[in-house]
Amino acid sequence: MTSLYLTEQGSVVRQTGDRLIVCRNGEPLAELPLLKIERVIVFGHVHLTTGAISALLRHGIDTTFLSWHGRLKGRLVPLESKNIPLRLAQYERTRDQQFTIGLARKIVAAKVQSSLRVIQRYRRNHPDWDDQEAIFALEQVLGSIDRAVTLDSLRGLEGHAASIYFSSYGRMFRRSLRFDKRSRRPPRDPINAALSLGYSLLFGEAVAVVSSIGFDPYLGFLHAPDYGRCSLALDLMEEFRAAIVDRLVLTLFNNEVLLPEDFTTGEGVWFSPEAKKRFLSEYEGVMQRAFISRHTGHRTTFRRLLWGQAEHLAETVKTGSAYTPYVAEP
């Protein structure tokens, strides 16, 4: 099974028999059997014919629409999940303050631990580099999490940890690359552009996973409800940001798979079309690469782990059993 990324602007996707055909100016660019497609990600101005949409719905292929710059616009889904018992349990749990803050504490702690592991792995691979100050500060935050008694105080600790982490993260990039802090809408430098695209892809997958299982993606535990915000997908995504996207972006720039000249500058910094294809290929490689996870003890992939954690969360919401968030591998 594969992910189909549609990036050619002005292209048209048609269905012929059991296949999807991508054309531009009447010339075929690609052809894929529907049975081999697991998900479709559409960037910008790509036209899907009625026949293609119908085929995607019939085969249950999750289709996500992003702007050219990677912002999530929407999804094509057959019907809402029938799992109303899970949604009812989710609504009840979000009213349970003890349950909510307990779960949010675990998610924040896992995120800070993952940040520490990104720094520690980099330090292990680069003995001439060190940032003991950031490690100490993150360990201090980690020690404060159990003492946070409100969601607002937890969110404050999460924001403080992110500031420490990204300051250290920016110093891991070699050569003349600069990254001082997160900037988005628009991103102000190539590293932020890559992080934003990676997070958008991961967020799209998280929305699809929690929706497919039957959750209401708009109602989370750590992230507060807000109009149009898929808070539960953001909760799930927190477990994987550092392990998947942050490490991928760091590797691509330091190995010169991505270079500053792969980006254009205007009202923000954006990928060139060719660089975006390279990034999507590398992202897909990370999501599909098999490894033995310490979290499960089994051979898995990040895509399977994302599903597994959403199912684990569903069990916790239904039964009140303990939840163990994913933490980046050392």
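This chain uses plain numbering: 1 for the first residue, then up along the sequence. Quantities reported herein were computed from a predicted structural model and do not represent experimental measurements.
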_side chain to side chain donor-acceptor pair (under 3.5 Å), that's the test. Do S272 and D262 meet it? Break it down for me._
CA-CA 6 Å; S272 69; D262 287 323; 4.7 Å; no
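- A 6.0 Å sphere centred on CD of E261 holds more than 12 heavy atoms belonging to other residues, nucleotides or ligands.
- Residues F221 and F99 bring their aromatic ring centres within 6.0 Å.
- A donor atom on one side chain and an acceptor atom on the other are found under 3.5 Å apart for Y91 and D216.
- For the pair L248/I244, no side-chain contact is recorded, criterion being any heavy-atom separation below 4.5 Å from C-beta on.
- In this structure, Y169 and F166 have perpendicular ring planes: the angle between them is above 60°, well past the 30° mark.
- A distance of 9.0 Å separates CD1 of I292 from OG1 of T300, quoted to the nearest 0.5 Å.
- If you chain together hydrophobic residues whose side chains sit under 4.5 Å apart, V286 and M172 fall into the same group.
- Using a distance-only test at 3.5 Å, with no hydrogens or angles considered, a donor-acceptor pair links the side chain of D131 to the main chain of A134.
- Using a distance-only test at 3.5 Å, with no hydrogens or angles considered, no donor-acceptor pair links the side chain of S114 to the main chain of A243.
- Between the side chains of T49 and R14, no donor N or O sits under 3.5 Å from an acceptor N or O.
- Between D130 and R123 there is a salt bridge, with a side-chain nitrogen of the basic residue lying less than 4.0 Å from a carboxylate oxygen of the acidic one.
- Side-chain contact check for V13 versus L4: every heavy-atom pair is 4.5 Å or farther apart.
- Shown here is R58, whose CZ atom has more than 12 heavy atoms of other residues, nucleotides or ligands within 6.0 Å.
- Under a 4.0 Å N-O distance rule, the pair E158/K111 qualifies as a salt bridge.
- Here the CG-CG distance, from L48 to L56, works out to 6.0 Å after rounding to the nearest 0.5 Å.
- Within 6.0 Å of the NZ atom in K73, the count of heavy atoms belonging to other residues, nucleotides or ligands exceeds 12.
- Not counting sequence neighbours, the partners of Y323 by the ring-ring contact (aromatic ring centres under 6.0 Å, His included) test are H312.
- For the pair R241 and Y199, the cation sits on the ring face: its NZ or CZ lies under 6.0 Å from the ring centre, inside 45° of the axis.
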_Does D246 form a side chain to side chain donor-acceptor pair (under 3.5 Å) with Y165? I'd like the steps, not just the answer._
CA-CA 11 Å; D246 297 359; Y165 165 66; 2.7 Å; yes
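- Considering CZ of R303 and CE of M287, their distance stands at 5.0 Å, rounded to 0.5 Å.
- Counted within 6.0 Å of CZ on R174, heavy atoms from surrounding residues, nucleotides or ligands total more than 12; the atom is thus considered enclosed.
- Contact check for V257 versus E282: side-chain heavy atoms found under the 4.5 Å cut-off.
- Annotation: F302 is in aromatic contact with F291 [ring centroid separation under 6.0 Å].
- Of the N and O atoms on the side chains of N192 and S183, at least one donor lies less than 3.5 Å from an acceptor on the other residue.
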Please table the atom pairs, donor to acceptor, closer than 3.5 Å between any side-chain atom in residues 20-35 and protein atoms at least two apart or in another chain.
from: R24; atom 1: NH1; to: E8; atom 2: OE1; distance (Å): 2.7
from: E31; atom 1: OE2; to: R19; atom 2: NE; distance (Å): 2.6

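- Proximity of L313 to L103: side-chain heavy atoms (C-beta onward) are separated by under 4.5 Å at one or more points.
- Residues W270 and F263 keep their aromatic ring centres 6.0 Å or farther apart.
- Rounding to the nearest 0.5 Å gives a distance of 10.0 Å between CG of L280 and NZ of K277.
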*Given side chain to side chain contact (heavy atoms under 4.5 Å, CB included), test T2 with E38 step by step and report yes or no.*
CA-CA 5 Å; T2 188; E38 187 172 12; over 6 Å; no
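- Side chain of Q98 to backbone of T100: no donor-acceptor contact under 3.5 angstrom is found.
- A perpendicular orientation is assigned to the rings of Y283 and Y5, their planes being inclined by more than 60° (bins at 30° and 60°).
- By the 4.5 Å heavy-atom criterion applied to side chains, R71 and R185 are counted as neighbours.
- A donor-acceptor contact under 3.5 angstrom links the side chains of R171 and S167, judged on distance only.
- Within the 4.5 Å cutoff, the side chain of P187 has no heavy atoms near those of the R182 side chain.
- Using modelled atom types and a 3.5 Å distance limit, the side chains of S3 and E284 yield a donor-acceptor pair.
- Heavy atoms from other residues, nucleotides or ligands lying under 6.0 Å from NE2 of H45 number 12 at most.
- Between L138 and I119, some side-chain heavy-atom pair lies under the 4.5 Å cut-off.
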_Worked verdict on S231 versus D226 for side chain to side chain contact (heavy atoms under 4.5 Å, CB included)_ = CA-CA 8 Å; S231 297; D226 197 5; 5.6 Å; no
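- Remark: S168 OG to E133 CD distance equals 9.5 Å, nearest 0.5 Å.
- Pairs of residues two or more places apart, or lying in two chains, that qualify as salt bridge (charged side-chain N to carboxylate O under 4.0 Å, His left out) and include a residue from residues 142-154 are D152-R155.
- Inter-residue side-chain proximity for S200 and L72 is flagged as unmet; no heavy-atom pair is nearer than 4.5 Å.
- At a threshold of 4.0 Å, the pair E329-R117 does not count as salt-bridged, since none of the basic side-chain nitrogens sits closer than that to a carboxylate oxygen.
- To the nearest 0.5 Å, the span separating OH on Y218 from CG on L234 amounts to 11.0 Å.
- Using a 4.5 Å cut-off between side-chain heavy atoms of Ile, Leu, Val, Met, Phe, Trp and Tyr, with links allowed through other members, V249 and L259 fall into different hydrophobic clusters.
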